[in-house]
There are 2 protein chains.
Amino acid sequence: MKNLLSNFKISINQNLFIKEPSSSELGKKIVSNSIEMIDEIGFENFTFRKLGLKIDSPEASIYRYFESKNQLLVYITSWYWGWMEYRLVLETANIDSAETRFEKAIALITTVNNDKLIIEGVEISKLHKIVISESSKSYLTKDVDKVNKEGAFHNYKQFVARLADIIKEINPSYKFPHMLLSTIIEGAHLQVFFAEHLPRLTNKQKSSNYITTFYTNLGLQSIKNSK
Amino acid sequence: MKNLLSNFKISINQNLFIKEPSSSELGKKIVSNSIEMIDEIGFENFTFRKLGLKIDSPEASIYRYFESKNQLLVYITSWYWGWMEYRLVLETANIDSAETRFEKAIALITTVNNDKLIIEGVEISKLHKIVISESSKSYLTKDVDKVNKEGAFHNYKQFVARLADIIKEINPSYKFPHMLLSTIIEGAHLQVFFAEHLPRLTNKQKSSNYITTFYTNLGLQSIKNSK
DNA sequence: CATTATTGATAGTATTACTATTATATTTGC
DNA sequence: GCAAATATAATAGTAATACTATCAATAATG
C-alpha cells in the first residue's frame, strides 16, 4: 500500500447521500465514526441518535447527510468497492498473465488484513469487517430494486465486471463469470464470519491464507475445465 | 413428494420458542401466517403487531410463543433445514454411488420449486423464498454466539454435516467439505436473488436448472481434483 | 365441576426513525 | 469589512416498533 495517488478520491453516486460527506468536517466524522460504531455494536443496534452522541452532534444534523442508516450502509459499502477497484487496478497493472491477475484479485478479496490503514479517514480493516457481516443486508431488502436503480450497487457491479473481464481473458468461452465471482466474494466473506462464529460451517486451517487458496483453486478449476 | 411419512414431525430445539407452536391452533397460525407475511413484505417490515392484525389475535399472544421476531425467523429457518434433511434422506436412500447422492443433494439445494406444497401448515415455496432472502440475517448479528449456543443453527449444521459425509465418501482426503458446502448453499441462494434483482451479479440462463448444473460441477471438480 | 392453562382485551414504556423549527455560528461574495 | 447565504446546534415533536404487564374471558383437563 505504498504508492497511493495523492489526488485520488473514490467516487460515489450522488444518489447515495443527501450532502456530500467529504465536503465537511461533520460529514467526515459521520462516515468514520459510523464505521467504527457499526463494527462495534452491529448495524441493527446502530442508530443516528447514538452516533450523534458519539460525535457530539445532534441527530438531525446527521440526517442532512444521509436520509437513513440504510443509505449510510449503502454509501460505505460502495466506498469499499470503489476502494477495492482502485486496489485491483494497482495490483494487476503491468501483469501480462490473466491467470496471475486473477490470482492477485482473489487474494485481494479473500485476505483479511488487520493493519491500521486509514484512507480518507476510513479505517480499512473495520470497514472490511462491516462488509463481511453487514453488507448483504444492504441488498437483501424489499426495496433492492429501488435503491439499485439509484446506483446503490454500481461500484460492486463494476468491480465484478472488471474481474469478469480477466476471467474472459483466461477462457473466452466460460459462461458463468459473474456467478462464479459473486459466489467467491460472498463465500469468502462468509467463511471469515463462520470461522469466528459458526466453525462447523467452514474448515478453518492454521495457515493464514487457506481461504485464498481454496477460492483460487475453486475459481481456476471452474474457469479452465468448463466445456 | 409422494411418500411422506404420516407420523413424521420436524424437530426444533426447545430454545427456539417459548411455547411449542405446533401445540395449538394459534401457534400454527402464527407460523404459517408469518411465513406468508415475511415473504410478502420482508423481514424488516414484518412486525408482531401486523401479524396479530392478520390472524386477529393480540400482539401479546404472539409473544407467548416467540420472544422476538428474530427468534421466529430462527425457528422457521430451522424448520426449513429440518425439512431439507428429511428430503435429503429420502432422496438419497438406497443409492450406492456417493457421487450420485451428492448430485441429488445439490439439486435439492439449488432447485426452486413453485408448486403449492404445504407441510405441517407451511407453504414450502414461500418458506424457500424467505430462506433465500432473509435467513442470513438470522446469523449475521452481534448475538450469533448467544443464539448459536441455544441451538439456533443446529438443523442447518446437521444438514451440512450429512452432506459433508457424502463428500468424504467421494474423496476421503478432501479438506474443505464444510467450506465448499456453505459456499454452494449460500451461493445458490444468492444466485436466485441476483437473477431477479441484480442480474449483473449472476449469469442467468434460459434453462431452468443452470444453477444446479453450475454448483454440481463446481463442487465435484473441487472434491475430485484436490491434492 | 373445579382447577388450570390459554387466549383476548387493553394499557403502558422506552426506543427508533424520522421531521420541523428556530437560533447561532461560519463561510463566501462583493 | 459587512451582508447574505449556508451549515450546524438545540430543541421539540410524531408515528411506529418492540416489547411488558394486567386482568378478564374462555376452553381444556382431571
Side-chain angles (χ1 to χ4, degrees), chain A residues 14-34 37-38 40-76 121 134 137-138 141-143 146-147 150, chain B residues 14-34 37-38 40-76 121 134 137-138 141-143 146-147 150:
Chain A
Q14 294 278 112
N15 299 313
L16 307 188
F17 50 79
I18 297 172
K19 190 194 295 190
E20 174 84 62
S22 60
S23 71
S24 74
E25 279 314 304
L26 180 58
K28 287 176 206 160
K29 267 167 81 180
I30 289 170
V31 171
S32 60
N33 284 274
S34 68
M37 207 167 188
I38 293 171
E40 264 172 45
I41 64 176
F43 185 65
E44 277 73 27
N45 302 317
F46 168 79
T47 69
F48 280 0
R49 175 146 204 282
K50 289 176 190 165
L51 178 60
L53 288 171
K54 181 173 181 174
I55 65 176
D56 209 44
S57 273
E59 199 185 354
S61 295
I62 302 169
Y63 277 101
R64 291 202 197 88
Y65 286 85
F66 295 101
E67 55 188 41
S68 67
K69 68 170 184 170
N70 297 279
Q71 196 186 42
L72 207 178
L73 181 62
V74 165
Y75 178 88
I76 63 179
E134 316 288 359
K137 295 167 192 169
S138 70
T141 62
K142 280 287 167 182
D143 59 351
K146 186 178 149 267
V147 295
E150 289 165 359
Chain B
Q14 293 277 111
N15 299 314
L16 306 188
F17 49 80
I18 298 173
K19 190 193 296 189
E20 174 85 61
S22 60
S23 71
S24 74
E25 279 313 305
L26 179 60
K28 288 176 206 160
K29 267 166 82 179
I30 290 169
V31 172
S32 60
N33 284 274
S34 68
M37 207 164 186
I38 293 170
E40 264 172 46
I41 64 176
F43 185 64
E44 277 75 26
N45 302 317
F46 168 78
T47 69
F48 280 0
R49 176 144 204 282
K50 289 176 191 166
L51 178 61
L53 287 172
K54 182 174 178 171
I55 64 177
D56 209 45
S57 273
E59 198 185 354
S61 294
I62 302 170
Y63 277 100
R64 292 203 191 90
Y65 285 86
F66 295 102
E67 56 188 41
S68 66
K69 68 170 184 169
N70 297 280
Q71 196 186 41
L72 206 179
L73 180 62
V74 165
Y75 178 89
I76 62 178
E134 315 288 358
K137 296 167 191 169
S138 70
T141 61
K142 280 287 166 183
D143 59 352
K146 186 178 149 266
V147 295
E150 288 166 359

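Throughout, a chain's letter reflects where its sequence line sits, starting with A, and its residues are numbered from 1.
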Nearest-Å distance for atom pair CD1/C1', residues Ile62(B) and dT20(D): 15 Å

Given atom CD of Glu59(A) and atom C1' of dA12(D), what is their separation to the nearest angstrom? 12 Å

If every non-hydrogen atom of Leu51(A) is compared with every non-hydrogen atom of Ser34(A), which pair is closest and at what distance? CD1-N, 3.7 Å

Less than 4.0 angstrom between a side-chain N/O of Ser61(A) and OP1 or OP2 of dA9(D), yes or no? yes

Lys NZ or Arg CZ of Lys69(A) over Phe46(A) ring: under 6.0 Å, within 45°: no

Atom of Asn15(B), atom of Glu150(B) and distance for their closest heavy-atom approach: ND2-O, 3.0 Å

Between atom OH in Tyr63(A) and atom C1' in dT14(D), what is the gap in whole Å? 13 Å

Given atom CG of Leu26(A) and atom P of dT27(C), what is their separation to the nearest angstrom? 13 Å

Please state how far atom CG in Asn70(B) lies from atom C1' in dC19(D), giving the value in whole angstrom units. 12 Å

Atom CZ of Phe48(B) to atom C1' of dA21(D): distance rounded to whole Å? 17 Å

N/O donor-acceptor pair, side chain Glu67(A) with base dC18(C), under 3.5 angstrom: no

So what does Tyr65(A) touch, heavy atoms closer than 4.0 Å: a base, only the sugar-phosphate, or nothing? sugar-phosphate

Assign Lys29(A) to base, sugar-phosphate, or nothing according to its heavy-atom contacts below 4.0 angstrom with the strands shown. nothing

Donor + acceptor pair across side chains of Ser68(B), Tyr63(B) (<3.5 Å): no

Proximal nucleotide (of dT11(D), dT16(C), dT7(C)) relative to the Ser24(B) side chain: dT7(C)

Applying a 4.0 Å non-hydrogen cut-off, can you work out what Arg49(B) is touching in the nucleic acid: base, sugar-phosphate, or nothing? nothing

Length of the line joining Phe66(A):CZ and dT19(C):C1', which is rounded to integer Å: 19 Å

Could you give the angle between the helix axes at the two ends of the helix from dC1(C)-dG30(D) to dC30(C)-dG1(D), with five pairs per end, rounded to 10 degrees? 20°

